[in-house]
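Okay, structure first, notes after.
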Amino acid sequence: MDCIFCKIAEGVIPSNKVYEDEYCLAFHDINPQTPIHVLVIPKAHIVSADEVTVENSAFVTKIFEAIPTIAKQAGLVGGYRIISNCGEDACQSVKHLHFHLMGGKKLPEQMG
Ligand code: AMP
Ligand code: ZN
């Protein structure tokens, strides 16, 4: 499958890794939109939040269990925003579920 995040999860494409366990990988976004911008991905190919099912939801649970550790390791000490773009209207560009952890400064209340 031609999925860039599957390749990153397999280590075929390098990433600037923050955290890894059996279920997920966290790495710095290549085009950061905030001073600290980390992506967290499941190690299974799930297209988006819209494709989460009873069969694969454990990956989402495990990701959220890991997020406090990932945030600490990334230096997100003042808080952070979690975003997951899902589908065309949200401008999802990589069709492998991912959570943006964004922070490192006070973020605006409105998304614009
Ligand atoms: P989205 O638009 O929500 O699908 O987010 C995809 C994100 O993946 C964007 O913020 C990109 O900058 C990021 N991205 C794409 N390719 C890579 C890569 N090879 N390494 C790190 N981040 C990437
Ligand atoms: Zn994938």
Side-chain angles (χ1 to χ4, degrees):
M1 200 191 320
D2 198 25
C3 171
I4 189 170
F5 284 0
C6 280
K7 288 178 182 160
I8 286 176
E10 289 160 12
V12 176
I13 292 176
S15 65
N16 188 357
K17 196 185 342 180
V18 174
Y19 172 91
E20 182 170 16
D21 67 23
E22 197 184 333
Y23 296 93
C24 71
L25 178 70
F27 51 94
H28 289 281
D29 196 293
I30 204 166
N31 183 25
Q33 302 299 310
T34 50
I36 302 172
H37 184 172
V38 170
L39 300 176
V40 192
I41 64 170
K43 285 190 171 178
H45 183 79
I46 301 169
V47 171
S48 74
D50 201 45
E51 304 275 326
V52 174
T53 63
V54 284
E55 286 79 25
N56 64 25
S57 63
F59 283 93
V60 180
T61 305
K62 292 292 183 182
I63 283 174
F64 274 80
E65 287 172 2
I67 279 176
T69 302
I70 295 166
K72 264 188 208 78
Q73 288 181 194
L76 288 161
V77 290
Y80 49 94
R81 187 166 287 163
I82 303 173
I83 293 173
S84 189
N85 295 320
C86 179
E88 289 308 308
D89 282 0
C91 300
Q92 181 183 2
S93 62
V94 179
K95 309 302 192 247
H96 179 127
L97 177 64
H98 51 282
F99 297 93
H100 299 255
L101 303 192
M102 307 176 79
K105 70 167 189 182
K106 179 87 173 175
L107 302 176
E109 271 184 46
Q110 302 282 337
M111 291 213 303

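Atoms within each ligand, like the ligands themselves, are counted from 1 in listed order. Positions are given from 1, in the same order as the sequence printed here.
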Any non-hydrogen side-chain atom of [X] less than 4.5 Å from a side-chain atom of [Y]?
{"X": "Pro42", "Y": "Ile63", "result": "yes"}
{"X": "Val52", "Y": "Ser57", "result": "yes"}
{"X": "Leu97", "Y": "Val60", "result": "yes"}
{"X": "His28", "Y": "Val18", "result": "yes"}
{"X": "Lys105", "Y": "Ile36", "result": "no"}

Ligand 1 contacted by His28 (non-hydrogen, < 4.0 Å):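 Under 4.0 Å: yes for His28.
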Salt-bridge contact Lys95-Glu88 (side-chain N to carboxylate O under 4.0 Å):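 Salt bridge: yes.
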Lys62 with Glu65: basic N within carboxylate O range, under 4.0 Å: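 Yes, Lys62 and Glu65 are salt-bridged.
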For the 3.5 Å polar cut-off, considering only N or O atoms, please tell me whether [X] and ligand 1 meet it.
{"X": "Asn85", "value": "yes"}
{"X": "Val94", "value": "yes"}
{"X": "His98", "value": "yes"}

Taking 4.0 angstrom as the limit and counting only heavy atoms of [X], give me the atoms of ligand 1 inside it, by number and element.
{"X": "Cys91", "answer": "2 (O)"}
{"X": "Phe5", "answer": "8 (O)"}
{"X": "Asn31", "answer": "12 (O)"}
{"X": "Gln92", "answer": "4 (O)"}

His96 atom (N/O/S) at minimal separation from the Zn ion (ligand 2):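 Among the N, O or S atoms of His96, the one closest to the Zn ion (ligand 2) is ND1.
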Minimum-distance N/O/S atom that His45 presents toward the Zn ion (ligand 2):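 Of all N, O or S atoms belonging to His45, ND1 is the one nearest the Zn ion (ligand 2).
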Which residue owns the protein heavy atom closest to [atom], what's the atom, and how far is it?
{"atom": "atom 12 (O) of ligand 1", "value": "Asp29 OD1, 2.5 Å"}
{"atom": "atom 20 (N) of ligand 1", "value": "Ile30 CB, 3.7 Å"}
{"atom": "atom 4 (O) of ligand 1", "value": "Ser93 N, 2.7 Å"}

Metal site angle (apex the Zn ion (ligand 2)), SG from Cys3 and SG from Cys6, 10 degrees: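 The angle at the Zn ion (ligand 2) comes to 120°, rounded to the nearest 10°.
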Ligand 1 versus [X], non-hydrogen atoms closer than 4.0 Å: side chain, backbone, both, neither?
{"X": "Ser15", "value": "neither"}
{"X": "Leu39", "value": "side chain"}
{"X": "Ile4", "value": "side chain"}
{"X": "Phe99", "value": "neither"}
{"X": "Ile8", "value": "side chain"}

Test of ring centre spacing under 6.0 Å for His98 and His100: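 Yes, the ring centres sit under 6.0 Å apart.
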Phe99 ring center within less than 6.0 Å of Tyr80 ring center: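 So the answer is no for these two rings.
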same_hphob_cluster(Tyr23, Val40) at 4.5 Å side-chain heavy-atom cutoff: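 Yes, Tyr23 and Val40 fall within the same hydrophobic cluster.
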Lys43 to Glu22 - nearest heavy-atom pair and separation: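 Residues Lys43 and Glu22, closest heavy atoms: CD-O, 3.5 Å.
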Distance, nearest 0.5 Å, that separates SG of Cys86 from CD of Glu51: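 Reported to 0.5 Å precision, the distance equals 8.0 Å.
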